[in-house]
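Working notes for the structure below.
Order of the sequence lines fixes the chain letters, A, B, ..., with proteins taken first and strands second; residue numbering starts at 1 for each chain.
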Amino acid sequence: MLSNAVEALYIFDQHNESILEHVYRSRPASARVVLPLYLAQPVPRPSLIYMPNINPPTVLFSVIHNSLLFLSPVSTETEPLFVLEFLHRVIDILEEFIGDPLLATKIEGNYDVVAQLLGEMCDAGSVCNTEPNALRDDVDVSGFLGKLLGGVGLPGSSPALLPSGGLKQQLSLNPISNGPAIPWRRANVRHTSNELYVDIVETLSVTLAPSGRPLAAFANGSIAFTSKISGVPDLLLTLSASGGKLGMEKSIELPVFHPCVRLARWKERPGELSFVPPDGKFMLAGYEVNLMPSNLDLKAWSNTNLQLPVSIEVSKSLGLTGADFEVRLILSSNFPGASTSASASRPNLGTRGSGRSTPIFGSSASGPTLQDVVITIPIPKAVRNITDLRASRGEAYFTPADNVVDWRVPTKDAAAAGNATLRCTIVGPTTDNDEDEAISFSFDAVNGGYDKKEETYQSSGLDNSKKSSVKVQNQSRDQRKIQQNSPLMPSSASVSFSVKGWLASGIRVEGLVLDTRKSRGLGEGVKPYKGVKYLTVSKKGVETRC
Amino acid sequence: MYSIILAGLILTSARELTLEAAQSAGSARTVNSRPSNRELPFAQTKKLLDSRNDREILEGLRKVISMMYRSKPCLPFFSAVIKNVASPNIEIKKLVYIYLLHYAESEPDLALLSINTIQKSLSDQSPQVRAMALRVMSGIKVPVISQIVSLGIKKGCADMSPYVRKAAALAIPKCYRLDPNTLPQLLDYLSILLGDKQYYVVGAAVNAFLEVCPDRMDLIHKHYRGLVRKLVDMDEWGQLATLNLLIVYARKCFPIRTKKVKKNKSKGFYEDEASEQEDEYSGEEVQVLHPDLELFLKACKPLLSSRNSAVIVSTARCFLHLGTSEYIDAAIGPLVALLRSPLDIQQVAMNNLVAVCLVRAESFVKYAGHFLVRATDPPDVSRSKFEILTLIFPHCEPHMKEMILSELEHFTRAADTALVQESVRAIGRCAQNESTASMRCLRLLLDQLSSQDGGLVADSLTVIRHLIQQNPQAHVQTVIRLAKNLDTTTNSEARASIVWLVGEFSGLPEEDNIAPDVLRILAKGFADESEAAKLQIVLLAAKVYLHYLIRTSPPQTEALANAPSTQTVEEASIQISAPAEENGWQDTYPLPSTDQPATEPEKDSTHPIPLLWTYVLHLTRYDTSYDLRDRTRLYRALLSDPHSTQLASLLLLAPKPVPHTPSPSENRKDLLIGSSSLVIGVEAAGIDGVMGYEGLPEWVKEGEEPDAKLRDEVGGKEAHGEKKDMPAARELDKAIEKKGLGKIGVGGAKDKTLDDWLAEEEGSEEGSTEEETESESEEESSEDEESESEGGEEGDRLVN
């Protein structure tokens, strides 16, 4: 039977120096023992490393965040995801309590807070409390950080600071004596300004065939929610996709939810998220949208393209010796579904025009803007160098250490749309060129013997009668060179970019309603400020094969 | 999911990061000196700790804690710190407790001094203080206090606050580790806590149960239904523990039952009554779920949309090992969705996906798009993705198959040799699982042979060899084409593979047989070959010569033919099929058949084959490799007598077993998904997995299972449990009602589980008077008056 326990947590800074060692139970392998073994692994280091030769035999789990290294050794069978999820939760919570981004200096400056957090989150190996709101009730955050976190009107963490007065006193004590009413929401939340923010981020994961036809296209969405609202609000967030309710059901796939979301309601009416939020920022849901129609429509699909603001075409083995390749970037300012909810990527579904955002939302930008366009081209290791990076726009670099060409294309200037090209020449390994020569000699069938042919090669300029054969020979040599260079050509290229104010899936927030009937503790007539942000990012997510 | 996106959202953080990077680059090696300015000398810190001012004590404690984490010696502060344990200030208390937990083991005697004060705190009026005290007391690793701890737990179990009861549950395994003799008492406490009304207490209790006495399933019976009911409301860690417990419980208590179900065959247009009769007998065996087991599985379903990847995998494990195929299918989507997670979780998730895919490949077909390998994937992820693609390949529709093959083909051109190797092997597996695709795969692989990359060629050839061996009759022409590649292939492994294959086909009738001619060409360049290739050339020579001997002495061969009968059958079939497959290859190949006149046996000495054979023997005799010389001696001895070829044909012409490459993870199939052992693999961790790994118990045999009635919650008790099953939502309502805050919406929301409440069913089942009683009685936890009113609701809740 699997029983799960965390044995220890080690944190290292960017120089791999230990900044924190917290042992939960038994005597796990120490940080000094496991670190060198971890570092000995080849570089994309696996998140789970088995070390049978140390005492005790250890399974080492690792997570890297902001160049901080989190290690957790375990000496008995444990569910890997249990430990990894715990490490991620530690990171999230540390970020929330001692500041985002998490830095080594911050941890070192707040050891007392970190110690309390780690003690509360995991009691002698059993993970027991990872809800930020519940931890906020238990952990004292003092001084500057306390002020920073406490915000305006939040109750102090120590009982002494609680407001006096019969009713309030009772109210504030009650949750502790009976346990928190809602595990994920802390008691007695007070805010002077009530605000709600919805941030929907979609991360693209698109694979395109050399022909430009999409093989797979997904948008991985996540809904981050920030609630700064007093009392116990009951919220209803309505999402819509092109194609109405049916479209919603079809488009949002494989969702995961924060425990606060009422699953039954979602099942009944997909697109409606009804929940009592935790206080502060949290991930409300994650989902996935298949940007390609289902298999049934595949034939109808064939030629219509996936409408992305950025696309690339790669042509390779160009030039006389096939040592060049060219990347063509096509930028379009056309954001399907931005102005209307109908997404061009789903032609089979009905169009339904409506405004970009309902008036209640503070609409953010005037239009979607494309930013941070970077093209990354992985280059085979055999390539020695890349000369001649000729970019029609932006700048391109070759980093030999990582074997990639990075090409940044600015999109700030007016000509955001349009094309840009990058042409590169590769330099292959030197030895191959010599071999090439040798091979071309020994295999030449036209001129027979080796010696004789070498002669002709050298005297080719003089002897007219042999010119034609030399030409042929040169041609075939080029052919061979092309062939030889072809494995040195990149086999894929990917684009990174971000678009604010646009979602690839066409999903939009239809409404965010505070159910005053079910909410409690919110003053009469309080209208919270609501904000919605959309962001589509691609982190090397659009990959073109070539 | 969480951290990545949050980080992405906050763009300002990037700036801060760069600043930090710059700063740390500047002071590259002074990381440790950074906080030093804040460090105080020993005396000063001690003075702070001894101060009467809370603020100063806190300051001192913070210093000590920082030193503790920086591995500076702070044992000297022990007494100074410990005496603050009695401080009424909760902040001071917390920090002292942290220190105490860390150092109690090194100063057990001094630590004992603090026990008294801590024990007092167990009766503090603040539940937070009580819980903390219990946690610290049980965490102090001083065995003499085990009885005190046990008493503390007992007190905690009966505490009004669930917060303290949770701490009590968490303390149980600690107490057990302190002194295993306390087990009988601990079991009593556990039994109480497992029936607690609060789901988060139960979660901790289950965790304790798993650590202390995982085999005492008898304690679970009466709580089984309660656990199942509370599963959805528990926190993710409690869910994990409960899933782990219940999967074993189910195996031990619900015998597997199957029943024959009549297949619901759709009637063909012309089918008549006669076939209908048959149907009744050809029914399919279907697993029938025990109602209690089904209850559990249904309760698991909502967990599939958990944000915690471990919960999803655990749920999938339950479905995989307990449920029917419909349940397994339901879990596959959420498992695939784990590929959205951060990279470290993805790596582990992929291993689990492969394990599930080995069982139910057909259900993965619609997710094929998720398994396209991306340039950013680390090697182990791409390997797993290839494996899944090959596993689902036989179940795909043609266009999907085409996509998978072109995907694999794309990666044969990748720069990374490991990736290339994987993709070539994957193509081979596709071909062997599906005979119709095997021609296409073979073509793909043959294309690879012209590659410059020797390793790729060798890999492809190995796979091709396997394919050919599976169906030798169909591949005579392929071998000829391969033989042509000998001109250009330089990789020694590849050459050896080709030569071996040619040798396998050396028994063909002479007009098709290229083996002697290949041998003739190879013998010319023998000296330049690698050792591996030389070995194969000698073998080829031996085979060719043996076939020649068999052919030239017909009477004897026939006598022999009865002995290795299989071989002759195979040979015969090759001979039959070979002439049928005439195509371009053969014509273009300069067949030397004209050089080889059909010779009579008596022309032995002049026939090229014996000459070749002797020539090769001569060559090898003076080779540097003793292995090669040794082998040659063996073959020569075998073939020394032209009239007795029986032994030689047994040795050289024995039918080869058809190789079957299993999916790389096939040997992990028996490991539980979600375990570390599965990720590590059998090769590294051994058959038994990592220390502490245990597989699931077998299904209990019909008739040996515990009585189902044990699970019935008896009358009063049930009502009690029911009543106490106070979900968060209800508590919330109650609190509000009591404060007179929200007057609205309380009406129907009285007696619901969290699930109900979330489901927002408005129908009020109970009168308002009922609500009054309930809310009053909650604190007193009086059961009598509610037992009647609650009895009827069990049904409702089970449905939810």
Side-chain angles (χ1 to χ4, degrees), chain A residues 1-3 15 17 20 44 46-48 50 59 63 76-82 84-85 88 91-92 100-101 103 108 111-112 115 119 123-124 126-127 140 171 174 176-177 179 181-182 199 201 207 215-216 220 222 254 256-257 262-264 283 286 378 380 491-492 517-518 520 540 543 545, chain B residues 1-3 5 13 17 20 31 35 62 65-66 69 91 98 127 161-163 170 174 207 210-211 214 237 244 248 302 305 307-310 313 333 337 340 344-345 347-348 369 372 375-376 378 414-415 674 676 679-680 684 690-693 728 731-732 735-736 739 741-742 744-745 758-759:
Chain A
M1 186 179 304
L2 299 163
S3 85
H15 307 294
E17 282 186 52
L20 186 139
S47 53
L48 181 158
Y50 184 46
V59 182
V63 171
T76 54
E77 171 64 55
T78 307
E79 286 180 65
L81 291 174
F82 166 85
L84 292 173
E85 281 282 351
H88 279 285
I91 292 167
D92 293 341
D100 182 18
L103 301 172
E108 285 174 328
Y111 274 134
D112 55 321
D123 182 10
S126 324
V127 180
D140 299 320
L171 183 73
N174 193 44
I176 301 178
S177 60
I182 299 180
D199 295 341
V201 183
T207 312
L215 294 172
N220 296 330
S222 56
L254 308 172
V256 294
F257 298 107
R262 296 178 176 108
L263 296 175
M283 294 302 311
S491 62
S492 70
R517 213 165 45 86
K518 282 185 219 139
R520 275 127 211 158
K540 300 184 188 173
E543 190 178 307
R545 302 270 171 81
Chain B
M1 172 178 91
Y2 232 82
S3 49
I5 284 138
S13 63
L17 265 180
E20 156 87 354
V31 187
R62 290 210 179 100
I65 300 280
S66 305
Y69 270 141
E91 289 184 50
I98 289 171
S161 160
Y163 198 73
L170 288 167
K174 289 189 272 182
N207 223 334
L210 287 178
E211 281 196 38
W237 316 105
N244 281 336
V248 177
S305 49
R307 60 178 166 164
N308 189 319
S309 57
V313 171
R340 306 198 289 251
D344 43 290
I345 290 182
Q347 293 177 344
V348 177
L372 296 182
T376 45
S676 297
V679 180
I680 296 165
V690 187
M691 194 174 103
Y693 174 81
E731 207 135 317
L732 176 76
I736 277 146
K739 307 304 137 7
L741 263 177
I744 343 134
L758 295 177

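Between B:Trp237 and A:Phe82, the two ring planes are perpendicular [angle over 60°; tilted spans 30° to 60°].
B:Gln347 and A:Ser47 make their closest contact through OE1-N, 2.7 Å (heavy atoms, listed as atom of the first residue, atom of the second, distance). Between B:Arg307 and A:Glu85, the shortest heavy-atom distance links the atoms O-OE2, 4.0 Å. The shortest heavy-atom contact between B:Gly674 and A:Pro80 is O-CD, 3.0 Å. The two residues B:Ala310 and A:Glu79 make their nearest non-hydrogen contact at O-OE1, 4.1 Å. The heavy-atom pair separating A:Ala124 from B:Lys174 by the smallest distance is CB-CD, 3.4 Å.
A:Pro46 touches chain B through backbone and side chain together, each having a heavy atom under 4.5 Å away. Contacts of A:Pro380 with chain B are made by both backbone and side-chain atoms, with heavy-atom separations under 4.5 Å. Both the backbone and the side chain of B:Asn308 come within contact range of chain A, with heavy atoms under 4.5 Å apart.
Contact tally against chain B (heavy-atom pairs below 4.5 Å) for A:Val59, A:Thr207, A:Asn220, A:Asp123: the top residue is A:Asp123. Counting heavy-atom pairs closer than 4.5 Å to chain A, the top-ranked of the candidates B:Ile65, B:Val313, B:Leu372 is B:Leu372. Note: A:Val127 leads A:Val127, A:Thr76, A:Leu215 in heavy-atom pairs under 4.5 Å with chain B.
For B:Asp344, the salt bridge (Lys or Arg N to Asp or Glu O under 4.0 Å) test picks out no residue, with sequence neighbours left out.
With contacts defined as side-chain heavy-atom distances shorter than 4.5 Å, the pair B:Arg340/A:Ser222 does not qualify.
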